[in-house]
Amino acid sequence: MRQYILRRLLIAGPSLLGISLVLFTVLALAPGDPFSDLATNPNVPPEVALALRAKFGLDDPVYLRYLHWLAAMAHGDWGFSFVSRVNVDTLILQRLPTTLYVIGSSQLLALLIAIPIGVYAATRPYSLFDQIANTFAFIGFSLPTFFTGILFILIFSIKLDWLPFVYSTDISGTGLARLGEEIRQAIMPVMVLALFQAASLTRFVRSAMLDVIRLDYVTTARAKGLGQRRVIITHVMRNAMIPVVTLIALQIPAVFGGAIVTEQIFRIPGIGSLLISSILSNDTPVVMAVTFVFACLVVFFNLVADVLYGWLDPRISLR
Amino acid sequence: MAPLLEIKSLKTHFATDDGIVQAVDGVDITIDKGETLCVVGESGCGKTVTAMSILKLIAMPPGRIVEGEILFQGRDLVQLTSSELDDVRAKEIGFIFQEPMTSLNPVLTIGEQIAESLRRHEGLSRKDALLRTVEMLKLVQIPNAEARVHDYPHQFSGGMRQRVVIAMALACKPKLVIADEPTTALDVTIQAQILDLLQDMKERFGMAVMLITHAMGVVAETAQRVAVMYAGKIVEEAGVDRLFAHPGHPYTQGLIRSIPRIDLDSKHRGRLETIGGSVPILINPAPGCRFAPRCRYAMSICTEAEPALREIAPGHRMACHLGEAP
Ligand SMILES: Nc1ncnc2c1ncn2[C@@H]1O[C@H](COP(=O)(O)OP(=O)(O)O)[C@@H](O)[C@H]1O
Ligand code: SF4
Ligand SMILES: [Mg+2]
């Protein structure tokens, strides 16, 4: 097992390096940089603009700039945001916790909805419960988050006035009242993301369960008189969770992508809205850093999936 | 003495898109305490469905027991709910499946899989269940049992897995073991070992065995009594010696003729005789004897009236119009 994890870790390093190289090159080839405004700004003399560009090495060849970036990253220097005039790492550390909090809770909620419903539906295929669950899953899966997001705002904020629709970072008050407010404002974005995730996950859990339920070893387990509950949990679920875990990990990039949209709708000051604003203002160091953080998260969750996979399926780790 | 298991006119049907499959259609089987009964018949005759019906292991739906009684020690299992049956499963009736490669859960150690049945039925602690499991593995001759109890199924060969399955089925010392083609998926050399092991275990525990097979060779080696099954019905039933000496039903005769004769040399062996045709699909079967299309003795009455199971000699019953009083 330890060897298996070690091997996965060894692969993760080079993957990140490769991803960063591609990201950097693409961003370098894209038009515009933080100083492109200077060239058209009549208040800045052209020689000053040129001197600034030279100082930050903006006109060096791409590979040289990449190596500079890499060397700086190796020293923990994430660069400087020209637009916000703070260090990029400070900026990211401000924004990342909010995103992780929203995405984490929504994933958790999605699992808490999808697994019981998917499992129960699979034990009674084509029953009324199963058909209702299927219908809701289908609807939830077909509605994009920007639609449900706006719908939620219309209903719960504007019509009913139950929940705030702008996410705020400086909530007044302390202690429980503050915590309550934090939770209240996260409810809608978390629900929107969770319901969308839960819809596709429910269908997947159900079909994974159905695939396992008709296998011979489940009949063997029934023949031992273990009872429906134990047969379903230890024998069916334990095996059906293997593909489910893989799917969840593979969906993490899409979840972060979806979070960008949701953060825009609810004005959540997370890393997704940071990415959008930095793209709009040509703040290349921030764009690079945020996409790189996304890449790190994706690689990390793939690693987690691999480890869980090896833990769930003894045929893999012991090979 | 009342028989251990008495199946009376059991009918198990399946609802499919093409119609009702009458997979088991009026089967009578009795098994006495400590007896080995072989159920023999070609593939698709309904042997597995019969066996699985006893413990309600068939998929329901589409399957349904539409008629009949399954009396085990006088109690009708058909009337029990699945959770009531859980006390009978493994504790009173053990089950050995055909395919050792798929009948064990790949993500649990073999020890866990044997022990869970002991813990369920005998209320053993984790530790005691492990001790009993190791003991069972030694009985079925798995070398190095203390270490291997913690291994996963994929770390065993097919023959070894079938030993594990046997250990699992026998762990709670059931009074009856149903073995559904336990050797069909195995190499010939291993087949004999597994049959020997089963015989050995049967003598040690004094249990009754219902051995399902499609091979007459296996019947000759193991059975005390034989029930021949064709297209969802029992067509002949007799003691093993009687059946091989005086097979009455044309289908039984065909099965016996198709045994490879290793006692003759190749010159005298000739070509193996097989029964022409195949088992019919059991949706809306034609009236009369279901074997008629393949029977070389078929008469006009055979396609009109269904032959009833009748006694043709003491302990020898058959369902065929041949030799009936006119
Ligand atoms: N789940 C099912 N749905 C529909 N038909 C089935 C099902 N299970 C078994 N059958 C039918 O029952 C008949 C008997 O099958 P089976 O008992 O497995 O035969 P055997 O064990 O003698 O080879 C076959 O014709 C098969 O198609
Ligand atoms: S009843 Fe008729 S068709 Fe059926 S086995 Fe006997 S002789 Fe053949
Ligand atoms: Mg079968």
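Treat the numbers as computed from the prediction; the structure is a model and nothing was measured.
Between A:D313 and B:P106 there is no side-chain heavy-atom pair separated by less than 4.5 Å. Counting heavy atoms from C-beta on, the side chains of B:N105 and A:N239 come closer than 4.5 Å. A heavy-atom distance below 4.5 Å is found between the side chains of A:T219 and B:M52. B:L55 places none of its side-chain heavy atoms less than 4.5 Å from the side chain of A:R222.
Proximity to chain B is absent for every atom of A:R214, based on heavy atoms less than 4.5 angstrom apart. In this structure, chain B has no heavy atom under 4.5 Å from any part of A:I213. Contact annotation for B:S83: neither backbone nor side-chain heavy atoms come within less than 4.5 Å of a heavy atom of chain A.
Around atom CZ of A:F129, more than 12 heavy atoms belonging to other residues, nucleotides or ligands sit under 6.0 Å away. In A:Y101, the OH atom is crowded: over 12 heavy atoms of neighbouring residues, nucleotides or ligands sit closer than 6.0 Å. Applying the 6.0 Å contact sphere to CE of A:M191 captures no more than 12 heavy atoms from other residues, nucleotides or ligands. Summarising the local packing, CZ of B:F205 is surrounded by more than 12 heavy atoms from other residues, nucleotides or ligands at distances under 6.0 Å.
Listed by chain and number, the residues in a salt bridge (charged side-chain N to carboxylate O under 4.0 Å, His left out) with A:D216 amount to none (sequence neighbours excluded).
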request  = I would like to know whether A:R230 and B:E116 meet side chain to side chain contact (heavy atoms under 4.5 Å, CB included); could you show each step before the answer?
outcome  = CA-CA 10 Å; A:R230 189 174 162 96; B:E116 67 180 349; 2.9 Å; yes
message = Run A:T220 and B:T102 through side chain to side chain contact (heavy atoms under 4.5 Å, CB included) and show every step you take.
response = CA-CA 10 Å; A:T220 308; B:T102 56; over 6 Å; no
inquiry  = As a quick check of understanding, evaluate side chain to side chain contact (heavy atoms under 4.5 Å, CB included) for B:E112 and A:T234, giving each step before the final call.
reply    = CA-CA 11 Å; B:E112 287 170 311; A:T234 16; over 6 Å; no
key: Test log, rule side chain to side chain contact (heavy atoms under 4.5 Å, CB included), inputs A:R315 and B:Q155   = CA-CA 9 Å; A:R315 285 165 296 186; B:Q155 293 165 291; over 6 Å; no
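Inspection of non-hydrogen atoms places no residue of residues 122-151 of chain B under 4.5 Å from chain A.
The main-chain N or O of B:Q113 is found under 3.5 Å from a side-chain atom of A:K224 such that the two form a donor-acceptor pair.
Minimum heavy-atom separation, B:L104 to A:Y217: C-CB, 3.5 Å. The two residues A:Q228 and B:D86 have their closest heavy-atom pair at N-OD2, 4.5 Å.
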